Structure formats: structure tokens, C-alpha cells
Amino acid sequence: MTRHEVVVTGIGLVTALGEGPDAHWNALSAGTAPVVDEATYAPWPVHPLPALNLDAQIPKKGDQRQMEPWQRLGTYAAGLAIDDANARGLVEDMHLIVAAGGGERDLALDEQVNAELANRNDGGGDRLNELLATGLRPTLFLAQLSNLLAGNISIVHGVTGSSRTFMGEESAAADAVRIAHARLAEGRGGIALVGGAMTAQRWDLLLLYRGGEGMYQGAFKPLSARQGMVLGSTAGFLVLETAEHAAARGARVLARLDAVASDTTRRAAPGDSAAAARALLPRVAPDGVDAVISGNSGSPAASAEEEAFLRELKLPVRRPASLIGHGVEGAFPAHVALAALALSRGGFYAPMDPADSGEAASPNRLLVTGFGQWRGEALATLSRAEAT
């Protein structure tokens, strides 16, 4: 089978630091302070969204109104990626692969149910059924359907190639990128849009991830100085193409996406995740890399495993979660986007965390890591488009 080289031609990136490639390159290459909201969701700090001009990517107010913040963020970032790739004329042939969470809940209904059932002595089954029968969304689901993000991207931006949605937190995001890369490399399409989004400014998510001591609470500290995650609203989308497809239309190539690999271990014993990543490394970087963009989430157990793996590499490392927080489904594609951005600019980022070390003035090949806060290990390598 003929293998096709896969390249990145568009980046759609939104974090607390801003939107688009220029905002992130300017902030991260020069060094910047994190943008943190410590008050609104206390005791949990979050990295909030910047102000977005939604009209620029979602022009119809009706479309904006029927989406929740998570969908608006993802649809907005997807549009940024399409524009960055100058690919508006190609959306009818563009494959779409999205990583999504469980959808945003109706918090008002949740609060009403809890309030009414809190002090009942009869279990409240009949009242619960009544509340759900009259209050559920038309989909009969307690939250938005996960594939609505992909649906809205298709509606708003006209992306009408094949569409897939993956659920499963960080693993879903890694597999979305992996499968998009594999489909193009195998010649099953010439262009694809892939990514994910997550809004951290949600009480339901903060309470969900609070289980298992996964969340850090208190005054903000950088990643290496705390135990626990600080979530960050994040959207990362990529336009990927085969090299032939990009060349035929004269597209600007930001970087090559050389390989993506993922695995899931049971994490039954310390060291399992690091061993899984160690086994993936020869598959994605047989010739080595120059530096690393780490997906360290801050989740204590996963972070310890990832740090053990990184120490073995003895390479310059940058940890974006210290500045933009952990974006769950948006994290892996956002970090791949940051790698492509650095390679396209011929430079690297200033340290993002006190644990960051090493200089990589002009790397030719970068490794992106991602250890899921619950399950899943993933690695990707990207290289400069002009590098051999």
C-alpha cells in the first residue's frame, strides 16, 4: 500500500491566551503570565475563555443561540482552522473527526431535581419521573448529544465529507487525530478537519473531575508546584491534508504530521503508563526528536507517570497546561497545533513552567505527549516541512 505524507495546513486554536496562531506564538515564544480566574468557581481556579467575536465564524444569531458554550467554542475554532488553511472552497470534500465530551447539562433542571428531592422521605421516585418527563431535552438525554458539535460544524461551515465523533476524554482526542492521520496516509481522502473543544467554565465539570482528588483547589500555582488539575477552556482544530493534495492547490504547509500512536493500559501498577509510552516511542520517533510539548494534565497519578517518561528522554520540554490549563478533549489537538505552529515559525517556546528546561532554538522534529487523567497514553511527532 502506498503511504501518503500528511501535512498540517491550518490551525484553529483558542485558549485563555487568545485566539489564532499569532496570539499564541507571540505569548508563548516571548514568555507570558497565565490568565486565571480564581474567584468565579472558587475554590477551583480555571483558565477562562477570551472574549470572542462569534459573528466572525458563526454569523447567524439563531445558530449561536441554539448552541451551548462548548459547541460555540468548537465551531468557532473549526472555522479558524478552515480559514487558516484557506480551505473554504474545499469543505464539501473535507472529512470531519471530532472529540467531544458528554455534552453540557441543564444545570437549572439538575438543581431543581436536587432541591425537591433533598428532604423527601419516600425516595422521590414519582416526583423524579415527573420532573424528568417535563424537563428533559427533546433528545430525552440529560445533556446535549455529543455529536451536536460535529453537526454544527457541518451546518455552519458546510463541512459535508464523512463525519465521526469520539467520546472518551483525552483518549478520544488522541484517537481522533490518529485516525484522521491514518485515513489520509492510507489514501482514503485528501483533506480532513480534526479537533476537540472543552469549556472549563462549567460547575458540572468541575464537580465531576473533583472526584478522585483530581482537581487542584486554592490560590493558583504552576503545574509543577501543585497536585491536581486546573482546567482551561480550550479548542484545538487542525486541517490535515496529504502532501499531494496540499501541493496541487498550492497550500501553505505548516508542518508534517509524521506519526500518531495511542494505547490504553489498565494502570494496575505504578509504571504501567510510562511503560506504554515507552513502547509507543519507537513507532512515532524511530530517529529521535529535538524537543517535547508535554500534555501533562496535572492529575497526580498520570502526571507522575508522564514525568517519569519525560525524564528518560533528556530533552527540552514545555508544559502548556501550566499556562492554559488542561483542556481534556481539546488538549491533544491543541498541543499538536502548538507543535505545528512552532515548527512553522522556525523556533520554540519560552519555558511555561518552573520545571521546563532546555533550549531548542530551532527544532526540526517535535514530540507531543498526552497521558489521560484517567486512561490513555498517546504520542505524536511533527517535523518541519522543509526538513529532511
Side-chain angles (χ1 to χ4, degrees), residues 12-20 23-24 35-42 44-81 96 98-111 135-139 141-157 165-167 169-170 172-173 176 193 195-210 215 229-237 324-331 333-334 337:
L13 188 60
V14 181
T15 73
L17 298 180
E19 65 172 90
H24 286 86
V35 179
V36 184
D37 178 356
E38 296 183 339
T40 306
Y41 300 93
W44 299 297
V46 300
H47 298 271
L49 279 175
L52 301 176
N53 176 19
L54 293 175
D55 293 351
Q57 292 295 339
I58 313 174
K60 294 182 180 179
K61 295 294 186 182
D63 289 338
Q64 294 180 25
R65 285 193 297 270
Q66 65 87 27
M67 299 185 209
E68 297 291 345
W70 151 70
Q71 293 181 50
R72 290 196 291 266
L73 173 60
T75 303
Y76 187 91
L80 292 179
L96 177 61
V98 172
E104 297 192 29
R105 294 181 65 91
D106 186 337
L107 294 183
L109 177 61
D110 286 343
E111 291 175 354
L136 278 177
R137 298 171 185 272
T139 55
F141 192 51
L142 284 169
Q144 290 178 320
L145 295 175
S146 297
N147 61 6
L148 286 176
L149 174 54
N152 277 296
I153 291 172
S154 295
I155 292 168
V156 172
H157 301 303
T165 294
F166 292 92
M167 290 183 65
E169 299 174 317
E170 297 91 350
L193 175 66
M198 190 276 291
T199 53
Q201 294 142 283
R202 287 173 52 187
W203 278 112
D204 58 324
L205 272 189
L206 294 166
L207 292 169
L208 173 67
Y209 288 122
R210 172 65 178 85
M215 294 291 293
M229 296 187 295
V230 174
L231 297 183
S233 295
T234 304
F237 275 81
I324 63 176
H326 183 50
V328 193
E329 294 88 6

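Because the structure is a prediction, the values reported are computed rather than measured. Note that the numbering runs from 1 along the sequence shown for the chain.
Closest non-hydrogen pair, G330 versus T234, comes out as O-CG2, 3.7 Å. Minimum interatomic distance between M167 and A172 (heavy atoms only, all atoms of both residues): C-CB, 3.4 Å. The shortest heavy-atom contact between L52 and E19 is CD2-OE1, 3.4 Å. Nearest approach of S146 to A100, heavy atoms of both residues: O-CB, 3.5 Å. Taking both residues in full, the closest heavy atoms of E169 and E329 are given as CA-OE2, 3.5 Å, listed atom of the first, atom of the second, then distance. Between L13 and G236 the shortest heavy-atom distance is CD1-CA, 4.4 Å.
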Discussion item. Could you walk me through whether Y76 and M67 satisfy the side chain to side chain contact (heavy atoms under 4.5 Å, CB included) test, starting with their C-alpha distance in whole Å, then the side-chain angles of each, then the deciding distance to 0.1 Å, before giving a yes or no?
Written reply: CA-CA 11 Å; Y76 187 91; M67 299 185 209; over 6 Å; no
Fill in: salt bridge (charged side-chain N to carboxylate O under 4.0 Å, His left out) between R72 and D63, worked out
CA-CA 9 Å; R72 290 196 291 266; D63 289 338; over 6 Å; no
Fill in: Pair T40-V46, side chain to side chain contact (heavy atoms under 4.5 Å, CB included): steps then yes or no
CA-CA 9 Å; T40 306; V46 300; over 6 Å; no
Practice prompt. Determine, step by step, whether L231 and H47 satisfy the side chain to side chain contact (heavy atoms under 4.5 Å, CB included) criterion, reporting the C-alpha distance in whole Å, the side-chain angles of both residues, the deciding distance to 0.1 Å, and the verdict.
Written response: CA-CA 6 Å; L231 297 183; H47 298 271; over 6 Å; no
Item to complete: Apply side chain to side chain contact (heavy atoms under 4.5 Å, CB included) to the pair L80 and F237, showing each step before the final yes or no.
Response: CA-CA 8 Å; L80 292 179; F237 275 81; over 6 Å; no
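Put simply, the side chain of H157 gets close to the backbone of T75: a donor and an acceptor are under 3.5 Å apart. Remark: the backbone N or O of A200 is paired with a side-chain donor or acceptor of S233 at under 3.5 angstrom. Although no hydrogens or angles enter the test, the distance criterion places a donor-acceptor pair under 3.5 Å between the side chain of Q64 and the main chain of I58. Between the side chain of Q201 and the backbone N or O of L49, at least one donor-acceptor pair lies under 3.5 Å.
Distance check: L149 CG to M198 CE gives 13.5 Å after rounding to the nearest 0.5 Å. The structure places CD of Q71 at 9.0 Å from CG of L145, a figure rounded to the nearest 0.5 Å. The structure places CG of N147 at 11.5 Å from CD1 of I153, a figure rounded to the nearest 0.5 Å. Separation of atoms CG (L205) and OH (Y41) is listed at 10.5 Å; rounding is to 0.5 Å. Residue L148 holds its CG atom at 7.5 Å from CD of Q66, rounded to the nearest 0.5 Å.
Looking at heavy atoms from C-beta onward, H326 lies out of side-chain contact with V230 at the 4.5 angstrom threshold. K61 has its side chain within reach of D55: a pair of non-hydrogen atoms, C-beta onward, lies under 4.5 Å apart. Between R202 and L208, the closest side-chain pair of non-hydrogen atoms is not below 4.5 Å.
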